[in-house]
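Worksheet for the structure shown next.
First listed ligand is number 1; within each ligand, the first listed atom is number 1.
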Amino acid sequence: MPLPLHQTQLQQRLLNSFAAAFGGAPAVVARAPGRVNLIGEHTDYNDGFVLPCAVNFDTLVAASPRGDGQVRVVAADFADATDRFALDGAIARHPQGGWPDYVRGVLAMLRGAGLPADGVDIAVAGNVPQGAGLSSSASLEVALAVALRALFRLDHLGNADLALLAQRAENEFVGCNCGIMDQLISAAGVAGHALLIDCRSLATTPVALPADAAVMIVESRVRRGLVDSEYNLRRQQCESAARQSGVAKLRDATLATLEAAAPPLAPLILRRGRHIVTENARTLQAAEALAGGDMRRMGELMAASHASMRDDFAITVPAIDGLVALLQRAIGTQGGARMTGGGFGGCVVALLPAAAVAAVREQVLAEYRSPESEAAIVHVCYPAAGAGLLDTGQCASDRPAERAP
Ligand code: GLA
């Protein structure tokens with residue numbers, strides 16, 4: 001199937017960058033998508049359920065082996081900025097942080113797991129909106145892991161192994177304490193489907209989206225402040241709720257367990273726990289509603305999820321509450337809308353009939369303004385396939401081959 005035009009251009013940008021930095025064409029090119037979560041927020045690190053889909057925005061990684069223990073990286077999206085490090089000894093974080101640490105982290109985790117990975121030339125290019133909460137970093141980690149699996153013949157690593165490796169790069173190397181959702185949906189997404197993920201067993205169940213349903217992602221332009229500190233605080237509060245209720249993880253709790261805790265949970269901890277318990281139930285119900293094509297029920301569950309994130313989990317902000325309300329009014333009972341992702345800014349996701357997209361988009365662009373008076377950015381997406389290799393037959397650069405020093 002021919003790639004959509006923007007994807008072809010992206011691929012060309014990648015190959016040009018690779019050729020300019022290293023000479024010639026790469027041995028492999030891998031792609032991994034960003035994601036949007038339809039429902040199941042902050043449930044992943046509580047061993048619960050999530051229902052994300054991969055979206056048609058990708059990070060591409062081109063790579064060739066070097067055989068000398070050196071890693072060289074060029075980032076097409078950052079004016080061909082480069083990074084360079086050696087694989088001997090411990091791999092350190094980049095002094096300036098940022099994108100190089102995702103590359104360094106994945107290689108550090110591979111080496112740390114005792115897996116063979118030698119020197120490599122790497123180029124990166126992507127079209128996942130950055131900083132919007134659509135998992136551009138997870139898609140970079142997963143695309144790189146897929147490329148390295150092919151280069152170093154690590155065929156025994158399945159999608160879940162790659163996702164776990166990428167998550168460890170994020171947790172242990174970059175220092176972001178995320179769950180498994182973003183990496184696993186990027187690695188294992190199924191075209192045309194959302195994935196119901198059991199974050200305890202890592203079992204994934206594809207759930208087809210109704211044929212006439214559109215996935216709309218609306219960037220609120222609200223800067224995501226305090227994300228790391230508040231995210232970590234919510235994790236701690238969930239752990240307290242579980243511990244004080246006598247369960248290993250909130251996945252194992254019910255509202256009755258939470259209410260029976262002795263001594264009673266503090267009101268704030270009870271609310272945090274209640275969000276997770278009710279969100280897990282909603283996510284399972286949403287998978288059923290979606291599979292049955294029941295968009296009205298799906299809309300009700302998305303509305304309840306948003307209210308729970310706002311009132312019990314306290315991760316929404318007023319501008320996003322307003323944007324969600326606007327979308328809910330515009331869509332009516334034909335679908336739904338809710339904030340998606342970690343919270344405190346980022347995106348809203350809406351499910352709606354494809355026939356309603358134009359009118360809803362127009363209304364959002366006309367009526368919504370961020371606190372800094374910016375209009376929203378609206379993307380209409382389709383659920384894409386998870387990560388994989390691209391056919392390297394397509395990998396001809398339009399630059400002459402020249403070997404870099
Ligand atoms: C971020 C994290 C995920 C998940 C969501 C909230 O995207 O990376 O692991 O916890 O927040 O659902």
By ring pair (Phe, Tyr, Trp, His ring centres under 6.0 Å), Phe18 pairs with (sequence neighbours left out) Phe22
Collect the protein residues that have a non-hydrogen atom under 4.0 Å from ligand 1 and hand them over in chain and number order.
Arg35, Glu41, His42, Asp44, Tyr45, Cys178, Gly179, Met181, Asp182, Tyr231, Gly342
Run the ring pair (Phe, Tyr, Trp, His ring centres under 6.0 Å) test on His94 and Phe85 for me, step by step, so that the C-alpha distance in whole Å, both residues' side-chain angles and the decisive distance to 0.1 Å come before the verdict.
CA-CA 9 Å; His94 190 278; Phe85 57 96; 9.3 Å; no
Side chains of His275 and Asp311 only: does a donor on one sit below 3.5 Å from an acceptor on the other?
no
Looking at residues at least two apart in the chain, or sitting in another chain, which of them share a ring pair (Phe, Tyr, Trp, His ring centres under 6.0 Å) with Tyr102?
none
Ring pair (Phe, Tyr, Trp, His ring centres under 6.0 Å) partners for Tyr45, two or more places apart:
His42, Tyr231
Tell me if the CD atom of Glu367 is crowded by more than 12 foreign heavy atoms within 6.0 Å.
yes
